[in-house]
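Residue numbers start from 1 in every chain, and the chains themselves are labelled A, B, ... in the order their sequence lines are given, proteins ahead of strands. Computation of the quantities below employed the complete heavy-atom set of this structure, encompassing side-chain atoms and omitting hydrogens, waters and symmetry-equivalent molecules.
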Amino acid sequence: MTADRSLPAGFEALEPHVAYWAAASAQQRRAAREAASMEEIEAFYTAMLALAPEAIRSLEGRDMRDLEGAPLRLMQLLLALAHVSMATELHRQPRAPFTPYPHEVRLVEGPRILG
Amino acid sequence: MNDQVADFRADRTNLTALAGLDTAPVSLEPYRSQDWFDAEVRQVFKRAWLCLGREERIAAPGDYFVQTLEFARAEVLVTRTKDGRIRAFHNVCSHRSNKVVLEREGNASRFMCRYHNWTYRNDGELVGVPDQKNFFDFDRKSCGLTPVACDIWEGWIFINLQREPEVPLAEFLGAFGEIYRGIPYPNADRSILFESRLKANWKVIADAFAETYHIPAIHPETIGATFASNENPFARPISAQTWGPHRSVSTYGNPEYAPPPGSQVERLFYSNIATGNVLSAASLDDTEVFRRHPAINPTKSASWAVDVTWLFPNFQIDVSPGGFWTHHFWPVSQDETRWEARFYIPDATDVWSRLQQEHYIARLGEILLEDVGNTERTQEGIASGAKDTMPLQDGEVMIRHSLHNLHKWIEAGTVAEALA
Ligand code: FES
Ligand SMILES: [Fe+2]
């Protein structure tokens, strides 16, 4: 693996999404989704969902506590998929209808692993 | 105890009458009056036992956390000492009243005040005073941290701001404390926390989590299909119970729920397990204990979703087949609240369970925002004075019971009288 490739081989198509969506904490992933437009959300959702089964398979058997580098970024993209699916699969708009934005409801303590 | 079962299929339920409550519209003054708020602080929050969460949060000797109580303008330092006991103190130095502990949590056997370096052991004793000789008739033993009354019930930490609590914790909990013994709290040592400060009276927030009537309207996409169905279109509760000032409702879950075909991510993330349980944080063993426990899902309904148990005045424990979570509603001022929602979840160490957990957390964020996103608007409506009262329907029985008991405590000269 070369240093200038940020995802494992086979996932090059997702490179354009790393900078915005591969965020370290659950609150950051949530905030990224809330700040994105529906076009941005849909672009990432479509690209990520297509490769998600393969991405999950590539991470099977790995201990989530030990991920780093390219596999870690791939996992962060998968985790971000959970958040964008709220917009695409539940609300069909970027945020829940009739909820305030910006707002102060924050996940101030995330899970210990990849949180 | 008042034990009530509702047939949600009947024309109407009768939980309110069975709880011994009247059915008239209730006054909105408690939600907007400064006098009422002052009375609540004095008569309720400074006399009742208040839950601060699980003891597993400070599992090891030396572990501590600091809890801010804005309504009392106080901070409580809760510690676990060498002998395993849990103690609580005002976070105030005995010298010139500076705050002693500045961190929110951690592990320390001693705390040093940053002003003049007075040092306290985590059992409250003052153990170090620089240049002690230059004080006058100094009695170090009597200069420890000021204790706050603290007791534990089933692993829950409670404090009481009365210097000598009028009633012990067991008496405050009453029959509830007996019936709710022996419930497992899976993953009690690890949790995630959502928090927000909201410009609304604390009861507006608490009420938002105390009824399921709002679910089809506010949560149509996130959990509407989980909590209502053709059989129970308005998400009526299954049963309600009251014990003194405490109360619980058992809520309906749609046993048929499965992720709809369009929910491709949810279906993918859950595709490696047999059940499609959307709120799963507990093991099957714990789920079995929940299901068998007489206090949980008391009617043993096959359509059980969550028991919402509201301990007087400001604390709710929610138990579902998949685990438990809590809400704290901390009054800051008459129209401001700090709300904490803590969900106890396991460590997810493999890719599948971690993705399921993230999906759970993402959905929680949406549900909670739907719940509290409404509350500031509600407070503005209340404050406008347009309405004197609000009508409450039978499914909103816990709100009525809450107001009834707040009235009682405000009027009662003693806690025993308030509990009578
Ligand atoms: S105020 Fe704490 S040492 Fe002086
Ligand atoms: Fe809700």
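- Residues A:A82 and B:F269 approach most closely at CB-CE2, 3.9 Å, considering heavy atoms.
- In this structure, B:R104 does not pair ionically with A:E109, as no charged nitrogen and carboxylate oxygen lie closer than 4.0 Å.
- The candidate from B:I218, B:L368, B:I192 with the greatest count of non-hydrogen atom pairs under 4.5 Å with chain A is B:I192.
- Heavy-atom distances place both the backbone and the side chain of B:R354 under 4.5 Å from chain A.
- Per-residue counts of heavy-atom pairs under 4.5 Å with chain A were compared for B:V351, B:D350, B:L198; the largest is that of B:V351.
- For a residue to count as touching a neighbouring chain, one of its non-hydrogen atoms must lie under 4.5 Å from one of that chain's; by this rule A:L49 touches chain B with the side chain only.
- In this structure, no portion of A:Q27 lies under 4.5 Å from any heavy atom of chain B.
- The residue among A:G110, A:A96, A:P111 with the most heavy atom pairs within less than 4.5 Å of chain B is A:P111.
- Partner A:E89 forms a side chain to side chain contact (heavy atoms under 4.5 Å, CB included) with one of B:Q264, B:R267, B:E221 and no other, that one being B:Q264.
- Among B:A341, B:S263, B:G373, the residue making the largest number of heavy-atom pairs under 4.5 Å with chain A is B:S263.
- In this structure the side chain of A:S85 never reaches within 4.5 angstrom of the side chain of B:E266, judged on heavy atoms.
- Scanning all heavy atoms of the two residues, the minimum distance from A:I113 to B:A348 falls at CD1-O, 3.6 Å.
- Taking a 6.0 Å sphere around CZ of B:F234, one finds it holds 12 or fewer heavy atoms contributed by other residues, nucleotides or ligands.
- The CD1 atom of B:I367 lies 13.0 Å from the OG1 atom of A:T99; values are rounded to the nearest 0.5 Å.
- For a residue to count as touching a neighbouring chain, one of its non-hydrogen atoms must lie under 4.5 Å from one of that chain's; by this rule A:F98 touches chain B with backbone and side chain alike.
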Verdict with supporting geometry, A:R106 and B:E195, side-chain contact (heavy atoms from CB on, under 4.5 Å): CA-CA 6 Å; A:R106 295 234 162 80; B:E195 190 181 56; over 6 Å; no

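- Proximity to chain B involves both the backbone and the side chain of A:H83, based on heavy atoms less than 4.5 angstrom apart.
- Your options are A:R92, A:R29, A:E34, and the one with the most heavy-atom pairs under 4.5 Å with chain B is A:R29.
- Proximity to chain A (any heavy atom under 4.5 Å) is restricted, for B:I361, to the side chain, taken from C-beta onward.
- Ranking B:L268, B:N374, B:L369 against chain A, the residue ahead of the rest is B:L369, based on heavy-atom pairs under 4.5 Å.
- Comparing A:M48, A:R62, A:R95, A:H91 by heavy-atom pairs within less than 4.5 Å of chain B, the highest count is held by A:H91.
- Of the two parts of B:V265, the backbone and the side chain both hold a non-hydrogen atom closer than 4.5 Å to a non-hydrogen atom of chain A.
- In this structure, OG in B:S353 is found 8.0 Å from CE in A:M64, a value given to the nearest 0.5 Å.
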From CA spacing to verdict: side-chain contact (heavy atoms from CB on, under 4.5 Å), A:M75, B:L355: CA-CA 9 Å; A:M75 183 63 190; B:L355 289 175; 3.7 Å; yes

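- Contacts of B:E376 with chain A are absent, with no heavy-atom separation under 4.5 Å from either backbone or side chain.
- The local environment of CD in A:E60 is crowded, with over 12 non-hydrogen atoms from other residues, nucleotides or ligands closer than 6.0 Å.
- By number of non-hydrogen pairs under 4.5 angstrom with chain A, the leading residue of B:E366, B:R377, B:H359 is B:E366.
- Of the listed residues (B:F343, B:W339, B:W352), the greatest number of heavy-atom pairs within a distance under 4.5 Å of chain A belongs to B:W352.
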